[in-house]
*Asks:* 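Sharing a structure, written as structure tokens. Questions coming.
Sequential numbering from 1 along the given sequence is applied to the chain's residues.
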Amino acid sequence: MTDIAFIGLGVMGAPMAGHLAAKGHSVTVYNRTAEKAAAWVARHGGRAAPTPAAAATGAAAVFTCVGNDDDLAAVTLGPDGAFGAMRAGALFVDHTTVSAHIARRLAKEGEARGLLCVDAPVSGGQAGAEKGALSVMCGGSDAALDAARPLIAAYAARLVHVGPAGAGQTTKMVNQIAIAGVIQGLAEALRFAQASNLALDRVFEAVSGGAASSWQMVNRWETMAEDRFDFGFAIDWMRKDLGLALEEARANGATLPVAALVDQFYAEVQKMGGGRQDTSALIRRLGG
């Protein structure tokens, strides 16, 4: 059993922390909204702490899953941040999707404090977190990954060490760039099928077994056709992620014309009131 602090109990963090508790670890949680922390403790046990520092005190491993760069900086390096309370040799794992810049900054700060740091964004959505079947892309040292791997295994079906600090975050950007193009293609294909008066179930049967198939097609074709978007990964979050990718591309010289275009399409859906809908709501801007 390991003493663990988990900071951030949103739709991803809460189930991940729950899997760690279910494996027998002693988990102390912190959430900006204290009621969420209290509800988590009532369900999973452990205890709630009043600050990130209080949660991290005495912990062998600290996990974070918060909102953005500023949130992550606040819970790690702020006046009540976790880093000031962590002991040398402790493990820090961040599951937030943030910039590679802050991931590298935290790795540098952590190294100076004797911490083992891993940037470990995830793919698989809320369902993957709840089922313990996430895909985790990790940046950091070999020693940090060796320490993190058995703990992350509590909620991950796949864990890949992709490179040094920041590589996990840039790999997550690769993931989101690829998804953006796939969803746009799927939306156009579905609207084309509808305009052609085709039987959508038979079209799906015909094309989902070949080269056109994708996770998005298998899991979202039917729901997109029925205009159901009340689940999964929100457009507001996808725009945040695409913004990170576009910013990183400006720094590394990559060109992302499709990602930039789809980002603007998502902005249109936000203006239609769809910011909290699943990313497959991209189809809404095509009418139908």
*Asks:* Applying salt bridge (charged side-chain N to carboxylate O under 4.0 Å, His left out), which residue pairs with at least one partner in residues 64-75 are found, sequence neighbours left out?
*Replies:*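 Qualifying pairs: R32-D71.
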
*Asks:* Would you say the side-chain atoms of D230 and Q277 include a donor-acceptor pair closer than 3.5 Å?
*Replies:* no

*Asks:* Where does the angle between the aromatic ring planes of F204 and W221 fall among parallel (under 30°), tilted (30 to 60°) and perpendicular (over 60°)?
*Replies:*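 The rings of F204 and W221 sit tilted, inter-plane angle from 30° to 60°.
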
*Asks:* Does Y30 have any side chain to side chain donor-acceptor pair (under 3.5 Å) partners at least two apart in sequence or in another chain, and if so, which?
*Replies:*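 Y30: no side chain to side chain donor-acceptor pair (under 3.5 Å) contacts found.
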
*Asks:* Which residues pass the side chain to side chain contact (heavy atoms under 4.5 Å, CB included) test with Q194, not counting sequence neighbours?
*Replies:*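 Q194: side chain to side chain contact (heavy atoms under 4.5 Å, CB included) contacts with L190, R191, L200, A225.
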
*Asks:* Testing the basics here: between M137 and V122, what is the closest heavy-atom pair and its distance to 0.1 Å?
*Replies:* CE-C, 4.2 Å

*Asks:* Examine R239 relative to Y266 and say whether NZ or CZ is less than 6.0 Å from the centre of the six-membered ring and inside a 45° cone about the ring axis.
*Replies:*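 Not satisfied by the 6.0 Å and 45° rule.
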
*Asks:* Please determine whether a side-chain nitrogen of the Lys or Arg among R220 and D278 lies less than 4.0 Å from a carboxylate oxygen of the Asp or Glu.
*Replies:* yes

*Asks:* Taking transitive links into account, so neighbours of neighbours count too, which hydrophobic residues share a cluster with V218 at under 4.5 Å side-chain distance?
*Replies:* none

*Asks:* Give me the ring orientation class for H19 and Y155: parallel if the planes are under 30° apart, tilted from 30 to 60°, perpendicular past 60°.
*Replies:* tilted

*Asks:* Give me each pair satisfying salt bridge (charged side-chain N to carboxylate O under 4.0 Å, His left out) with a member in residues 94-111, each pair once, sequence neighbours excluded.
*Replies:*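 Counting only pairs at least two positions apart or across chains, the salt bridge (charged side-chain N to carboxylate O under 4.0 Å, His left out) contacts touching residues 94-111 are R104-E248.
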
*Asks:* Could you tell me the separation between the CH2 atom of W237 and the CD1 atom of I235, rounded to the nearest 0.5 Å?
*Replies:* 12.0 Å

*Asks:* The criterion is salt bridge (charged side-chain N to carboxylate O under 4.0 Å, His left out); which residues satisfy it with R284, sequence neighbours excluded?
*Replies:*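 Partners of R284 under the salt bridge (charged side-chain N to carboxylate O under 4.0 Å, His left out) test: none.
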
